[in-house]
Amino acid sequence: MNEIEQRIAELNKLLHEYGYAYYVLDKPVVEDSVYDQLLHELIALEEANPEFIYPDSPTQRVGGMVLEGFKKVTHETAMLSLSNAFNEEDLRDFDRKIEQAIGKNYSYVCELKIDGLAISLRYENGVFVQGATRGDGTVGEDITANLKTIRAIPLRLNEPVTLEVRGEAYMPKKSFEKLNERRAENGEELFANPRNAAAGSLRQLDPKIAASRNLSTFIYAVGGDGESYGIDGHWEMLKYLEELGFPSNKEREYCETIEDVLAFIEKWTEARPNLSYEIDGIVIKVNRYAHQDELGFTAKSPRWAIAYKFPAEEVITKLLDIELT
Ligand SMILES: NC(=O)c1c(N)nc(OC2CCCC2)nc1O[C@@H]1CCC[C@@H]1O
(Lines give C-alpha, C1' and ligand atoms only; values in the text may rest on other atoms or scores of the structure.)
Protein backbone atom coordinates (compact mmCIF):
# COMPACT_ATOMS: atom_id res chain seq x y z
CA MET A 1 0.00 0.00 0.00
CA ASN A 2 1.47 3.44 -0.86
CA GLU A 3 1.30 6.20 1.74
CA ILE A 4 -1.77 7.85 0.19
CA GLU A 5 -3.69 4.56 0.29
CA GLN A 6 -2.46 4.07 3.85
CA ARG A 7 -3.66 7.54 4.89
CA ILE A 8 -7.08 6.93 3.27
CA ALA A 9 -7.38 3.60 5.14
CA GLU A 10 -6.33 5.29 8.39
CA LEU A 11 -8.83 8.16 7.92
CA ASN A 12 -11.65 5.68 7.21
CA LYS A 13 -10.80 3.81 10.40
CA LEU A 14 -10.54 6.97 12.55
CA LEU A 15 -13.72 8.56 11.19
CA HIS A 16 -15.63 5.28 11.61
CA GLU A 17 -14.52 5.07 15.28
CA TYR A 18 -15.22 8.77 15.99
CA GLY A 19 -18.56 8.61 14.15
CA TYR A 20 -19.60 5.47 16.06
CA ALA A 21 -18.76 7.08 19.42
CA TYR A 22 -20.61 10.30 18.55
CA TYR A 23 -23.70 9.08 16.66
CA VAL A 24 -24.24 5.56 18.02
CA LEU A 25 -22.96 5.74 21.61
CA ASP A 26 -23.75 9.44 21.98
CA LYS A 27 -20.29 9.72 23.67
CA PRO A 28 -18.00 11.92 21.47
CA VAL A 29 -14.26 11.12 21.76
CA VAL A 30 -12.96 14.10 19.74
CA GLU A 31 -14.05 17.71 19.17
CA ASP A 32 -16.37 18.26 16.17
CA SER A 33 -13.62 20.41 14.60
CA VAL A 34 -11.20 17.46 14.66
CA TYR A 35 -13.80 15.20 13.01
CA ASP A 36 -14.58 17.81 10.34
CA GLN A 37 -10.86 18.41 9.60
CA LEU A 38 -10.23 14.67 9.10
CA LEU A 39 -13.38 14.36 6.97
CA HIS A 40 -12.24 17.20 4.70
CA GLU A 41 -8.79 15.61 4.41
CA LEU A 42 -10.48 12.34 3.34
CA ILE A 43 -12.76 14.14 0.85
CA ALA A 44 -9.69 15.77 -0.76
CA LEU A 45 -7.69 12.52 -0.89
CA GLU A 46 -10.69 10.62 -2.37
CA GLU A 47 -11.22 13.33 -4.99
CA ALA A 48 -7.58 12.97 -6.08
CA ASN A 49 -7.63 9.14 -5.78
CA PRO A 50 -11.20 7.95 -6.56
CA GLU A 51 -9.96 4.36 -7.01
CA PHE A 52 -9.34 4.27 -3.23
CA ILE A 53 -12.88 5.30 -2.19
CA TYR A 54 -14.29 2.72 0.27
CA PRO A 55 -18.05 1.94 -0.18
CA ASP A 56 -18.55 2.54 3.55
CA SER A 57 -16.45 5.71 3.65
CA PRO A 58 -18.27 8.45 5.61
CA THR A 59 -18.04 10.58 2.45
CA GLN A 60 -20.40 8.11 0.72
CA ARG A 61 -23.33 8.93 3.03
CA VAL A 62 -24.73 11.78 0.95
CA GLY A 63 -25.36 10.67 -2.64
CA GLY A 64 -25.29 13.22 -5.46
CA MET A 65 -28.37 12.13 -7.40
CA VAL A 66 -31.85 13.55 -6.87
CA LEU A 67 -34.26 10.59 -7.25
CA GLU A 68 -37.29 10.58 -9.61
CA GLY A 69 -39.31 8.66 -7.03
CA PHE A 70 -39.09 5.80 -4.55
CA LYS A 71 -39.11 2.12 -5.59
CA LYS A 72 -41.49 -0.22 -3.76
CA VAL A 73 -39.96 -2.78 -1.38
CA THR A 74 -41.77 -5.89 -0.15
CA HIS A 75 -40.63 -6.73 3.39
CA GLU A 76 -39.39 -10.33 3.83
CA THR A 77 -41.29 -10.49 7.12
CA ALA A 78 -44.23 -8.16 7.75
CA MET A 79 -43.54 -5.07 9.87
CA LEU A 80 -46.21 -5.40 12.54
CA SER A 81 -48.02 -2.70 14.42
CA LEU A 82 -48.80 -2.69 18.13
CA SER A 83 -52.13 -2.88 19.92
CA ASN A 84 -52.64 -0.11 22.47
CA ALA A 85 -53.26 0.14 26.20
CA PHE A 86 -54.42 3.44 27.71
CA ASN A 87 -54.55 2.73 31.42
CA GLU A 88 -53.57 0.34 34.20
CA GLU A 89 -56.64 -1.84 33.66
CA ASP A 90 -55.75 -2.42 29.99
CA LEU A 91 -52.26 -3.41 31.06
CA ARG A 92 -53.49 -5.83 33.73
CA ASP A 93 -55.87 -7.37 31.16
CA PHE A 94 -52.90 -7.82 28.80
CA ASP A 95 -50.90 -9.48 31.59
CA ARG A 96 -53.80 -11.74 32.64
CA LYS A 97 -54.31 -12.97 29.07
CA ILE A 98 -50.64 -13.86 28.83
CA GLU A 99 -50.66 -15.74 32.13
CA GLN A 100 -53.75 -17.66 31.01
CA ALA A 101 -52.02 -18.61 27.77
CA ILE A 102 -48.52 -19.55 28.96
CA GLY A 103 -48.55 -19.86 32.76
CA LYS A 104 -46.57 -17.79 35.27
CA ASN A 105 -42.86 -17.98 34.39
CA TYR A 106 -42.53 -15.17 31.86
CA SER A 107 -40.98 -11.70 32.04
CA TYR A 108 -41.18 -8.48 30.04
CA VAL A 109 -38.85 -6.02 28.35
CA CYS A 110 -40.04 -2.40 28.56
CA GLU A 111 -38.84 0.15 26.00
CA LEU A 112 -39.56 3.80 25.36
CA LYS A 113 -41.89 4.10 22.36
CA ILE A 114 -39.92 6.43 20.07
CA ASP A 115 -42.26 8.79 18.22
CA GLY A 116 -40.75 8.65 14.75
CA LEU A 117 -41.31 6.44 11.77
CA ALA A 118 -40.63 2.73 11.48
CA ILE A 119 -37.83 1.72 9.12
CA SER A 120 -36.31 -1.53 7.94
CA LEU A 121 -32.58 -1.91 7.15
CA ARG A 122 -31.08 -4.78 5.18
CA TYR A 123 -27.40 -5.79 5.46
CA GLU A 124 -25.53 -8.30 3.28
CA ASN A 125 -22.25 -9.65 4.69
CA GLY A 126 -22.27 -6.76 7.11
CA VAL A 127 -22.75 -4.01 4.50
CA PHE A 128 -25.87 -1.77 4.45
CA VAL A 129 -27.58 -2.50 1.12
CA GLN A 130 -31.19 -1.30 1.39
CA GLY A 131 -33.49 0.63 3.70
CA ALA A 132 -37.25 1.11 3.51
CA THR A 133 -40.22 2.68 5.22
CA ARG A 134 -42.77 0.43 6.93
CA GLY A 135 -45.47 1.43 4.43
CA ASP A 136 -48.56 -0.72 5.06
CA GLY A 137 -46.46 -3.30 6.91
CA THR A 138 -45.95 -5.47 3.82
CA VAL A 139 -44.81 -3.02 1.12
CA GLY A 140 -42.76 0.08 1.91
CA GLU A 141 -40.68 2.59 -0.08
CA ASP A 142 -36.97 2.26 -0.82
CA ILE A 143 -35.39 5.26 0.95
CA THR A 144 -31.85 3.82 1.07
CA ALA A 145 -30.21 7.04 -0.16
CA ASN A 146 -31.88 9.08 2.58
CA LEU A 147 -31.22 6.52 5.32
CA LYS A 148 -27.49 6.45 4.41
CA THR A 149 -27.36 10.10 5.50
CA ILE A 150 -28.37 9.12 9.06
CA ARG A 151 -25.01 8.87 10.82
CA ALA A 152 -26.38 6.58 13.55
CA ILE A 153 -27.04 3.97 10.84
CA PRO A 154 -23.83 1.91 10.39
CA LEU A 155 -22.78 1.49 6.74
CA ARG A 156 -20.81 -1.59 7.82
CA LEU A 157 -21.44 -3.83 10.84
CA ASN A 158 -18.83 -5.25 13.25
CA GLU A 159 -19.61 -8.75 11.87
CA PRO A 160 -20.15 -9.74 8.19
CA VAL A 161 -23.72 -10.93 8.88
CA THR A 162 -26.66 -10.89 6.46
CA LEU A 163 -29.80 -9.76 8.26
CA GLU A 164 -32.65 -7.28 8.30
CA VAL A 165 -33.32 -5.05 11.31
CA ARG A 166 -36.19 -2.76 12.30
CA GLY A 167 -36.10 0.50 14.14
CA GLU A 168 -37.55 3.95 14.48
CA ALA A 169 -36.05 6.95 12.64
CA TYR A 170 -36.61 10.18 14.57
CA MET A 171 -35.68 13.87 14.73
CA PRO A 172 -34.29 15.04 18.10
CA LYS A 173 -36.36 17.79 19.77
CA LYS A 174 -33.56 20.40 19.41
CA SER A 175 -33.17 19.73 15.67
CA PHE A 176 -36.94 20.03 15.27
CA GLU A 177 -37.01 23.42 17.02
CA LYS A 178 -34.06 24.74 14.93
CA LEU A 179 -35.63 23.44 11.69
CA ASN A 180 -38.93 25.19 12.40
CA GLU A 181 -37.09 28.40 13.35
CA ARG A 182 -35.34 28.33 9.94
CA ARG A 183 -38.62 27.58 8.15
CA ALA A 184 -40.39 30.42 9.98
CA GLU A 185 -37.58 32.83 8.91
CA ASN A 186 -38.03 31.65 5.30
CA GLY A 187 -41.82 31.95 5.50
CA GLU A 188 -42.16 28.19 4.99
CA GLU A 189 -44.89 26.02 6.51
CA LEU A 190 -43.83 24.63 9.91
CA PHE A 191 -43.79 20.95 10.84
CA ALA A 192 -46.39 20.10 13.51
CA ASN A 193 -44.12 17.74 15.45
CA PRO A 194 -40.78 15.87 15.20
CA ARG A 195 -42.48 12.75 13.79
CA ASN A 196 -43.88 14.67 10.81
CA ALA A 197 -40.54 16.44 10.36
CA ALA A 198 -38.69 13.10 10.32
CA ALA A 199 -41.21 11.55 7.89
CA GLY A 200 -41.09 14.64 5.66
CA SER A 201 -37.28 14.57 5.66
CA LEU A 202 -37.11 10.90 4.66
CA ARG A 203 -39.64 11.45 1.87
CA GLN A 204 -37.34 14.00 0.19
CA LEU A 205 -36.09 12.95 -3.26
CA ASP A 206 -32.83 14.89 -2.76
CA PRO A 207 -30.64 13.10 -0.16
CA LYS A 208 -28.85 16.41 0.59
CA ILE A 209 -32.04 17.64 2.26
CA ALA A 210 -32.37 14.51 4.42
CA ALA A 211 -28.66 14.87 5.27
CA SER A 212 -29.29 18.40 6.58
CA ARG A 213 -32.09 17.32 8.97
CA ASN A 214 -29.89 15.68 11.68
CA LEU A 215 -32.06 12.55 11.94
CA SER A 216 -31.18 9.60 14.14
CA THR A 217 -32.54 6.13 14.90
CA PHE A 218 -32.93 3.43 17.53
CA ILE A 219 -32.93 -0.20 16.32
CA TYR A 220 -35.19 -2.58 18.27
CA ALA A 221 -35.69 -5.84 16.39
CA VAL A 222 -34.46 -8.19 13.71
CA GLY A 223 -36.77 -9.13 10.86
CA GLY A 224 -37.61 -12.84 10.93
CA ASP A 225 -37.34 -15.08 13.98
CA GLY A 226 -34.75 -14.20 16.57
CA GLU A 227 -34.24 -17.87 17.50
CA SER A 228 -32.27 -18.45 14.28
CA TYR A 229 -29.49 -16.33 15.87
CA GLY A 230 -29.25 -18.73 18.83
CA ILE A 231 -30.66 -16.00 21.06
CA ASP A 232 -33.47 -16.96 23.47
CA GLY A 233 -35.19 -13.61 23.95
CA HIS A 234 -35.58 -9.94 23.17
CA TRP A 235 -33.34 -8.71 26.01
CA GLU A 236 -30.40 -10.72 24.60
CA MET A 237 -31.27 -9.66 21.05
CA LEU A 238 -30.94 -5.96 21.90
CA LYS A 239 -27.46 -6.65 23.33
CA TYR A 240 -26.53 -8.56 20.15
CA LEU A 241 -27.73 -5.66 17.96
CA GLU A 242 -25.51 -3.28 19.97
CA GLU A 243 -22.51 -5.63 19.55
CA LEU A 244 -23.11 -5.53 15.78
CA GLY A 245 -22.83 -1.73 15.93
CA PHE A 246 -26.48 -0.64 15.95
CA PRO A 247 -27.76 2.17 18.18
CA SER A 248 -30.38 0.90 20.59
CA ASN A 249 -32.22 2.85 23.23
CA LYS A 250 -30.48 2.42 26.60
CA GLU A 251 -33.53 3.40 28.72
CA ARG A 252 -34.98 -0.11 28.42
CA GLU A 253 -35.63 -2.32 31.49
CA TYR A 254 -36.09 -6.04 32.13
CA CYS A 255 -39.36 -6.35 34.09
CA GLU A 256 -40.18 -9.55 36.00
CA THR A 257 -43.81 -8.56 36.74
CA ILE A 258 -46.57 -6.24 35.58
CA GLU A 259 -45.93 -4.23 38.78
CA ASP A 260 -42.39 -3.53 37.50
CA VAL A 261 -43.93 -2.50 34.16
CA LEU A 262 -46.29 -0.07 35.90
CA ALA A 263 -43.34 1.39 37.86
CA PHE A 264 -41.39 1.84 34.61
CA ILE A 265 -44.37 3.65 33.07
CA GLU A 266 -44.68 5.85 36.17
CA LYS A 267 -40.98 6.76 35.96
CA TRP A 268 -41.08 7.77 32.30
CA THR A 269 -44.41 9.59 32.50
CA GLU A 270 -42.51 11.82 34.91
CA ALA A 271 -39.14 11.92 33.12
CA ARG A 272 -40.44 12.15 29.52
CA PRO A 273 -39.87 15.94 29.18
CA ASN A 274 -36.15 15.50 29.99
CA LEU A 275 -35.57 13.24 26.97
CA SER A 276 -33.83 14.73 23.91
CA TYR A 277 -36.39 13.01 21.63
CA GLU A 278 -40.18 12.58 21.63
CA ILE A 279 -41.79 9.38 22.90
CA ASP A 280 -45.53 8.70 22.69
CA GLY A 281 -45.65 5.73 25.05
CA ILE A 282 -43.97 2.63 26.37
CA VAL A 283 -43.64 -0.67 24.48
CA ILE A 284 -44.01 -3.80 26.62
CA LYS A 285 -42.84 -7.12 25.15
CA VAL A 286 -42.81 -10.64 26.56
CA ASN A 287 -39.09 -11.42 26.56
CA ARG A 288 -38.62 -15.14 25.69
CA TYR A 289 -38.97 -16.03 21.99
CA ALA A 290 -40.46 -19.43 22.96
CA HIS A 291 -43.23 -17.53 24.76
CA GLN A 292 -43.69 -15.13 21.82
CA ASP A 293 -44.11 -18.14 19.52
CA GLU A 294 -46.74 -19.65 21.86
CA LEU A 295 -48.67 -16.37 21.99
CA GLY A 296 -48.47 -15.64 18.25
CA PHE A 297 -50.14 -12.76 16.42
CA THR A 298 -53.52 -11.26 15.57
CA ALA A 299 -54.04 -10.15 11.95
CA LYS A 300 -51.91 -7.03 12.44
CA SER A 301 -50.05 -7.15 15.74
CA PRO A 302 -48.32 -9.56 18.13
CA ARG A 303 -50.22 -10.91 21.16
CA TRP A 304 -46.92 -10.74 23.09
CA ALA A 305 -46.48 -6.97 22.88
CA ILE A 306 -48.55 -3.87 23.65
CA ALA A 307 -47.99 -0.13 23.50
CA TYR A 308 -49.04 1.88 26.54
CA LYS A 309 -49.92 5.32 25.10
CA PHE A 310 -49.46 8.47 27.14
CA PRO A 311 -52.61 10.64 27.28
CA ALA A 312 -52.44 13.13 24.36
CA GLU A 313 -51.09 16.58 25.39
CA GLU A 314 -54.35 18.43 24.65
CA VAL A 315 -56.23 16.12 27.06
CA ILE A 316 -53.82 17.14 29.85
CA THR A 317 -54.17 20.90 29.15
CA LYS A 318 -58.01 20.52 28.98
CA LEU A 319 -58.00 18.81 32.34
CA LEU A 320 -55.71 21.54 33.73
CA ASP A 321 -57.96 24.27 32.23
CA ILE A 322 -61.03 22.75 33.90
CA GLU A 323 -59.24 22.63 37.26
CA LEU A 324 -57.86 26.20 36.85
CA THR A 325 -61.11 27.90 35.75
N1 LIG B 1 -41.65 3.03 18.23
C2 LIG B 1 -40.93 2.18 18.97
O3 LIG B 1 -40.10 2.61 19.79
C4 LIG B 1 -41.13 0.70 18.82
C5 LIG B 1 -40.45 -0.23 19.66
N6 LIG B 1 -39.60 0.20 20.65
N7 LIG B 1 -40.63 -1.56 19.49
C8 LIG B 1 -41.46 -2.01 18.52
O9 LIG B 1 -41.61 -3.36 18.39
C10 LIG B 1 -42.19 -3.86 17.16
C11 LIG B 1 -41.81 -5.32 17.06
C12 LIG B 1 -43.01 -6.11 17.37
C13 LIG B 1 -44.20 -5.24 17.07
C14 LIG B 1 -43.70 -3.79 17.15
N15 LIG B 1 -42.13 -1.19 17.68
C16 LIG B 1 -41.99 0.16 17.83
O17 LIG B 1 -42.69 0.96 17.00
C18 LIG B 1 -43.67 0.31 16.17
C19 LIG B 1 -43.24 0.22 14.73
C20 LIG B 1 -44.52 0.20 13.92
C21 LIG B 1 -45.63 0.65 14.83
C22 LIG B 1 -44.96 1.06 16.15
O23 LIG B 1 -44.68 2.43 16.10
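As the structure lists them, so they are numbered: ligands from 1, and atoms in each ligand from 1.
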Going through the distances and angles, do K239 and E242 end up as a salt bridge (Lys or Arg N to Asp or Glu O under 4.0 Å)? CA-CA 5 Å; K239 213 161 68 189; E242 282 174 349; over 6 Å; no
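- Protein residues with any heavy atom under 4.0 Å from ligand 1: L80, L82, E111, L112, K113, I114, A118, R134, E168, Y220, V283, K285, P302, W304.
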Using a 3.5 Å cut-off and no angle test, enumerate the donor-acceptor pairs between side-chain atoms of residues 11-34 and protein atoms at least two apart in sequence or in another chain.
unit_1	atom_1	unit_2	atom_2	d
N12	ND2	I8	O	3.0
K13	NZ	E17	OE2	2.8

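- A side-chain N or O of E111 and one of H234 form a donor-acceptor pair less than 3.5 Å apart.
- The salt bridge (Lys or Arg N to Asp or Glu O under 4.0 Å) pairs that include a residue from residues 204-232 are D232-R288, where partners are two or more places apart or lie in different chains.
- Within the structure, salt bridge (Lys or Arg N to Asp or Glu O under 4.0 Å) pairs that include any residue of residues 292-306 do not occur (at least two apart or interchain).
- In summary, E124 and R122 engage in a salt bridge, as defined by a charged side-chain N under 4.0 Å from a carboxylate O.
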